[in-house]
Amino acid sequence: MVVHRIKFFSTTQKNSTTIVAGGFTAYGTHGKLWRSCGNCTNNGGPRNLLVYGVNIDASIGAIAGVNRNYGDRATIRDLKIKNYSSGSPHVCDEYQGVQKGSSSTKYGEYWNTASCDVSRSDVSGL
């Protein structure tokens with residue numbers, strides 16, 4: 001298993017886990033905290049994200065993006081987001097991952113699914 005700690009990026013490595021934890025705080029402006037690769041060569045999964053005890057004191061478009069068809073999973077607990085209100089920003093978006101050369105389809109924000117393991121009670125304003 002590959003483990004990445006505290007980074008903003010799209011992960012392309014199958015069977016990887018990204019951990020963002022320990023009171024980590026993001027500042028600035030960001031598109032997403034984490035996105036599983038939507039259209040990589042030899043795409044597939046699973047890819048995993050674990051978010052525990054994180055503060056987003058930043059402008060951000062979404063927290064996580066997972067490919068449901070590849071078995072990706074985002075597990076999010078104790079997340080605080082600056083100026084958060086339900087749906088803004090999206091906490092966990094599900095996508096249809098594809099191979100390079102195609103466009104990934106975004107299904108939208110989901111809660112308490114196999115891919116988006118997060119409850120509304122796990123997210124609050126900062």
Hey, is the main chain of [Y] close enough, under 3.5 Å, to the side chain of [X] for a donor-acceptor pair?
X	Y	result
Asn39	Gly97	no
Ser16	Arg47	no
Asp93	Ala62	no

To the nearest 0.5 angstrom, please state how far the [atom1] atom of [X] sits from the [atom2] atom of [Y].
X	Y	atom1	atom2	answer
Asn67	Cys37	CG	SG	7.5 Å
Trp34	Ile63	CH2	CD1	13.0 Å
Ser121	Trp111	OG	CH2	9.0 Å
Asn69	Tyr95	CG	OH	13.0 Å
Gln96	Ser102	CD	OG	10.5 Å

- Test side-chain contact (heavy atoms from CB on, under 4.5 Å) on Leu79 and Val91 and set out the steps. CA-CA 9 Å; Leu79 174 66; Val91 173; 4.2 Å; yes
- Task: Show the numbers, then the answer: is there a side-chain contact (heavy atoms from CB on, under 4.5 Å) between Ser104 and Arg35?
- Result: CA-CA 12 Å; Ser104 181; Arg35 169 72 169 102; 3.2 Å; yes
- Query: Any salt bridge (charged side-chain N to carboxylate O under 4.0 Å, His left out) pairs touching residues 61-72, not counting sequence neighbours?
  - Reply: Arg68-Glu94
- Which pairs with one or both residues in residues 20-30 pass salt bridge (charged side-chain N to carboxylate O under 4.0 Å, His left out), sequence neighbours excluded? none
- Task: Apply salt bridge (charged side-chain N to carboxylate O under 4.0 Å, His left out) to Glu109 and list each qualifying residue two or more places apart in sequence or on a separate chain.
- Result: none
- Query: For Asp122, which residues count as a salt bridge (charged side-chain N to carboxylate O under 4.0 Å, His left out) partner, sequence neighbours excluded?
  - Reply: Arg77
Taking only residues two or more places apart in sequence, or in another chain, which ones meet [X] in a side chain to side chain donor-acceptor pair (under 3.5 Å)?
X	answer
Ser124	none
Lys100	none
Ser88	none
Ser86	Arg120

- Message: Just to verify, which of Thr17, Asp117, Thr113 counts as forming a side chain to side chain donor-acceptor pair (under 3.5 Å) with Arg73?
- Response: Asp117
- Using a 4.5 Å cut-off on heavy atoms from C-beta on, say whether the side chain of Tyr84 contacts that of Pro89. yes
- Task: Using a 4.5 Å cut-off on heavy atoms from C-beta on, say whether the side chain of Ile81 contacts that of Val123.
- Result: yes
- Message: Running the 4.5 Å side-chain criterion over Ile, Leu, Val, Met, Phe, Trp and Tyr, what cluster does Tyr110 land in, apart from itself?
- Response: Tyr107
- Message: Quick check: is Val98 connected to Val66 through a chain of hydrophobic side chains (ILVMFWY, heavy atoms under 4.5 Å apart)?
- Response: no
- Query: Can you get from Ile76 to Leu126 by hopping between Ile, Leu, Val, Met, Phe, Trp and Tyr side chains that sit under 4.5 Å apart?
  - Reply: no
- Query: Applying disulfide bond (SG atoms under 2.5 Å apart), which residue pairs with at least one partner in residues 67-103 are found, sequence neighbours left out?
  - Reply: Cys92-Cys116
- Could you list the residues that satisfy side chain to side chain contact (heavy atoms under 4.5 Å, CB included) with Ala58, not counting sequence neighbours? His30, Ile56
- Message: Checking Lys82 now: which residues fulfil side chain to side chain contact (heavy atoms under 4.5 Å, CB included) with it, not counting sequence neighbours?
- Response: Asp57
- Can you list the steps and then say if Thr75 with Asn48 is a side-chain contact (heavy atoms from CB on, under 4.5 Å)? CA-CA 8 Å; Thr75 300; Asn48 300 287; over 6 Å; no
- Message: As a quick check of understanding, evaluate side-chain contact (heavy atoms from CB on, under 4.5 Å) for Val51 and Leu49, giving each step before the final call.
- Response: CA-CA 7 Å; Val51 173; Leu49 171 68; 3.7 Å; yes
